[in-house]
There are 2 protein chains.
Amino acid sequence: MAATIRDIKKVTGLSLATISKYLNGGNLLPENREKIERAIEELHYEVNEMARGLVTSQSKTVGVVVFDIANVFVCTVLQYLGDGLRAAGYAAMICDSHNDPLQEADNIRFLMGKQVDGLIVLPVAQTSDFLNPPIRAGIPVVLLDRSLGDSRVDCVKVDNQTAAAEALRLLVEYGHRRIAIIGSDTVITGKERLEGCFQLLKEMNLAVPPEYLKLGNHSIEHGYQSMWELLRLRKPPTAVFLGNFEIILGAVMAVNESEFRCPADLSIVGFDDLIVSNLSNPRLSVVVQPLRSMADETVRLLLRRIEDIRNAGSNPDAEQEPHMELSLRAQIVEGGSIAHIKCSGRAVNSN
Amino acid sequence: MAATIRDIKKVTGLSLATISKYLNGGNLLPENREKIERAIEELHYEVNEMARGLVTSQSKTVGVVVFDIANVFVCTVLQYLGDGLRAAGYAAMICDSHNDPLQEADNIRFLMGKQVDGLIVLPVAQTSDFLNPPIRAGIPVVLLDRSLGDSRVDCVKVDNQTAAAEALRLLVEYGHRRIAIIGSDTVITGKERLEGCFQLLKEMNLAVPPEYLKLGNHSIEHGYQSMWELLRLRKPPTAVFLGNFEIILGAVMAVNESEFRCPADLSIVGFDDLIVSNLSNPRLSVVVQPLRSMADETVRLLLRRIEDIRNAGSNPDAEQEPHMELSLRAQIVEGGSIAHIKCSGRAVNSN
DNA sequence: AGGACAGAGCGAAACGTTTTGCTCTGTCCA
DNA sequence: TGGACAGAGCAAAACGTTTCGCTCTGTCCT
């Protein structure tokens with residue numbers, strides 16, 4: 001059905017090798033170049049990437065395995081990843097792990113079967129065993145968002161601990177002492193953020209009373225429920241740290257439904273902005289992850305590895321660049337959701 | 001590097017044809033079957049899908065082109081699509097059009113180059129010209145969510161018009177007469193929903209005063225702004241229809257920030273539920289699109305077309321099944337966001 | 001006993017590219 | 001004028017599968 005390089009040969013009278021050279025940007029007589037171009041136009045010729053891939057053993061395809069594709073953070077990252085890969089001529093095969101380590105491992109196998117040139121993984125598993133197959137097969141892997149402490153792969157993430165500490169420091173500097181935390185310890189990023197919070201509180205000689213510490217998962221429900229529980233306390237906190245986007249969404253809904261006003265009655269600082277933060281009134285003060293950079297760095301790292309492998313070729317003793325963990329700095333963007341407070345007295349709006 | 005069928009031949013002493021037969025589920029002597037299985041295990045053999053694809057001219061891959069991958073509706077659909085395709089052994093190459101018809105057309109070309117067996121498109125363009133290349137090349141296309149009125153392709157969507165009318169009918173039946181609409185006429189689904197609204201209002205001999213009709217795009221901003229404008233009117237509406245998920249999100253935030261309470265002061269009915277609806281208090285009454293079914297039907301339709309093409313094979317006069325537009329019925333799920341109202345008097349909570 | 005038939009296996013030819021090593025034709029410089 | 005050299009083109013061999021048509025070996029029925 002579809003035209004092949006052989007049809008072009010018939011039309012132009014040139015050899016396969018010459019046509020191939022044209023397709024891959026070699027030097028030709030202008031005359032022949034034109035002939036080929038005309039033939040391609042006429043025949044609607046398109047390179048068959050499978051045939052090409054078979055001989056180059058490159059599929060120009062990378063697998064992207066995400067812990068949950070319906071998650072807003074994931075979608076946004078996916079967008080940037082897709083753009084970056086596409087710009088380099090790579091297609092992304094995206095697989096959803098549904099937050100299930102078994103499906104994750106299965107996705108990896110599936111994608112390997114599809115001959116991907118590399119893998120980008122936003123992992124759900126807590127250990128890196130599931131990466132053995134691609135590593136053994138020499139397929140480069142870059143982890144994104146969540147590190148697994150495995151030195152055999154590259155990783156791009158955000159410095160959650162420092163960022164969370166900075167956010168909390170802000171609250172303390174505004175005078176807050178009764179600070180609550182709604183976060184998650186079921187996932188590594190959540191743990192790191194909590195770690196950052198605790199570290200700063202310790203540094204400041206502050207403590208979180210148990211009723212101010214709400215642990216669950218990174219979900220709207222958790223944010224909503226926990227916030228209500230906090231607001232109903234006899235002595236509610238004057239400020240609260242919200243561990244991720246979903247928690248923010250839920251918590252803000254709760255606050256809005258209540259009689260509490262932000263920041264007069266309650267100051268808020270949260271992790272991840274995405275949609276809600278600059279819509280709510282006042283704007284939220286948030287830790288903003290550099291999603292674009294994270295995606296770009298991930299793609300850059302992966303493509304470099306793929307390039308290296310290609311160049312190393314048969315040479316087996318080629319030096320492997322050591323694998324790296326890129327920890328990007330998150331930025332705090334202040335909205336108006338934090339009020340100054342004197343001692344443990346009433347809040348004073350800073351605006 | 002990787003083991004091939006030839007290595008298995010060496011180990012087992014069997015012919016390539018036999019091994020291939022094994023891989024594709026043919027009949028073998030138990031003895032030989034075991035031999036091959038042992039060799040595969042030992043050599044970590046994996047079928048090279050590119051080579052297989054080259055000869056079968058099937059890539060077991062479909063392209064999915066979406067208008068905006070960061071959109072929550074899209075993500076959710078993508079999840080279901082991915083599951084369905086995966087179950088059939090197909091990988092999904094996902095491309096984002098960024099709501100730009102030019103990028104959309106480019107995505108189609110790109111994916112065709114990658115030898116996809118079929119295309120699923122959530123289109124942004126309003127006409128179907130950009131589908132000419134795949135149609136000419138004989139690659140089946142299924143449109144999802146948005147129809148383009150092109151009889152050369154299949155389409156799966158929701159009956160927006162009827163669903164919107166039903167939603168509005170609900171408001172009227174509850175006694176509302178001052179009904180506002182926040183929607184979009186920039187996109188076909190939005191238009192259809194508006195059409196349904198108008199149709200019902202006409203049927204009921206009601207009209208929407210211009211200040212009650214807020215047209216924009218399907219965005220949080222539009223919902224938020226428009227809702228505030230409605231609430232600030234001298235004579236605000238007693239009920240409002242919200243055209244999609246993003247609009248709901250923005251509008252609900254606005255209501256919560258205001259002094260209006262739902263449903264006492266304002267009744268709400270919206271299109272799409274997804275995350276917010278059953279979290280807000282009271283739960284929202286919403287039109288729920290059967291996303292799972294939409295995705296499943298889409299996959300079913302596409303795979304059937306692919307199958308048909310494969311079976312038709314060289315036979316050029318094979319009858320093509322006529323293309324169809326599947327219009328699924330949406331369901332209205334009542335929360336508590338609609339209050340009974342007597343004439344134009346004050347609202348009476350129905351709960 | 002003989003013929004038909006089914007099951008299992010085989011060799012070789014495809015599939016549509018890239019790549020390698022070669023030849024041929026000019027051009028440039030000594 | 002001759003030799004080196006660069007540029008352009010070519011034929012053929014890969015790449016790792018599937019598939020086609022064939023042979024061989026039993027088994028079953030008449």
Side-chain angles (χ1 to χ4, degrees), chain A residues 1-37 39-40 43-61 89 112-117 137 310-311 313-314, chain B residues 1-37 39-40 43-61 89 112-117 137 310-311 313-314:
Chain A
M1 184 84 233
T4 80
I5 219 179
R6 279 198 162 74
D7 298 319
I8 299 191
K9 170 181 166 141
K10 266 185 205 128
V11 174
T12 61
L14 295 167
S15 80
L16 297 184
T18 307
I19 300 166
S20 174
K21 197 192 252 182
Y22 166 84
L23 292 174
N24 297 288
N27 269 336
L28 273 71
L29 289 185
E31 178 198 338
N32 289 335
R33 177 175 296 275
E34 274 174 31
K35 259 194 214 161
I36 295 180
E37 273 160 4
I40 286 181
L43 298 170
H44 296 300
Y45 171 79
E46 293 272 356
V47 174
N48 182 330
E49 296 273 357
M50 304 198 75
R52 171 181 281 176
L54 179 58
V55 33
T56 61
S57 60
Q58 286 228 109
S59 64
K60 284 286 188 175
T61 278
M112 285 180 62
K114 295 288 180 195
Q115 255 60 46
V116 294
D117 293 337
R310 183 166 173 70
N311 290 340
S314 51
Chain B
M1 186 85 234
T4 81
I5 219 179
R6 280 198 161 72
D7 298 320
I8 299 191
K9 171 185 166 136
K10 264 184 206 131
V11 174
T12 61
L14 295 166
S15 80
L16 296 185
T18 307
I19 300 167
S20 174
K21 194 192 254 182
Y22 167 83
L23 292 175
N24 296 287
N27 269 337
L28 273 70
L29 290 184
E31 177 197 340
N32 290 335
R33 178 175 295 275
E34 273 174 32
K35 260 195 212 162
I36 295 181
E37 273 161 3
I40 286 181
L43 298 170
H44 295 302
Y45 171 80
E46 293 272 356
V47 174
N48 182 330
E49 296 273 357
M50 306 198 74
R52 170 180 283 176
L54 179 57
V55 33
T56 60
S57 60
Q58 286 227 108
S59 63
K60 282 288 187 176
T61 277
M112 284 180 65
K114 295 288 180 195
Q115 256 60 48
V116 293
D117 293 337
R310 184 167 172 69
N311 289 340
S314 50

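Because the structure is predicted, anything quoted here is derived from the model rather than measured. Just so it is clear, the values below take in all heavy atoms, side chains as well, and ignore hydrogens, waters and symmetry mates. Chain letters run A, B, ... following the sequence lines, proteins first and then strands; every chain starts at 1.
Between B:Ser15 and C:dC10, a side-chain N or O to OP1/OP2 separation shorter than 4.0 Å is present. Using a 4.0 Å cut-off, some side-chain N or O of A:Ser20 falls inside it from OP1 or OP2 of C:dT18. Residue B:Tyr22 places none of its side-chain N or O atoms closer than 4.0 Å to OP1 or OP2 of D:dT17. Between A:Asn27 and the phosphate of D:dG7, there is no side-chain N or O to OP1/OP2 separation shorter than 4.0 Å.
Expressed to the nearest 0.5 Å, how far NZ of B:Lys21 lies from CG of B:Asn27 amounts to 7.0 Å. Interatomic distance, OG of A:Ser15 versus CD1 of A:Ile5, reported as 9.0 Å (0.5 Å rounding). Once rounded to the nearest 0.5 Å, the distance linking CD of B:Glu37 with CG of B:Leu28 reads 9.5 Å.
The nucleotide whose nearest atom lies closest to any side-chain atom of B:Val55 is, among C:dA8, C:dC15, C:dT17, C:dC15. Closest contact between the side chain of B:Arg52 and the listed nucleotides D:dT18, C:dT19, C:dT18 involves D:dT18. For A:Ala17, taking side-chain heavy atoms from C-beta onward, the closest of the listed nucleotides D:dT19, C:dT20, D:dT17 is C:dT20. When distances are taken from the side chain of A:Arg6 to each of D:dC10, C:dG16, C:dG11, the shortest belongs to C:dG16. Each of C:dC10, C:dT17, D:dG16 was ranked by its minimum atom distance to the side chain of A:Leu16; first place goes to C:dT17. Nearest nucleotide to the A:Lys21 side chain, out of D:dG16, D:dA8, C:dT17: D:dA8.
Nucleotide C:dG7 holds its C1' atom 11 Å from the CG atom of B:Leu28, rounded to whole Å. In this structure, A:Ile19 places its CD1 atom 10 Å from P of C:dT18, rounding to the nearest Å. Rounding to whole angstrom units, CD1 of residue B:Ile40 and P of D:dG16 are separated by 16 Å.
Positionally, the nearest nucleotide of DNA chain D for B:Asn48 lies more toward the 5' end than for the other of B:Asn48 and B:Thr18.
Residue B:Tyr45 forms a side-chain contact (heavy atoms from CB on, under 4.5 Å) with just one option from B:Ile8, B:Val11, B:Ile36, B:Ile19, and that option is B:Ile8.
Among the heavy atoms of the strands lying under 4.0 Å from B:Leu29 are primed sugar atoms or P, OP1, OP2 only; no base atom is included.
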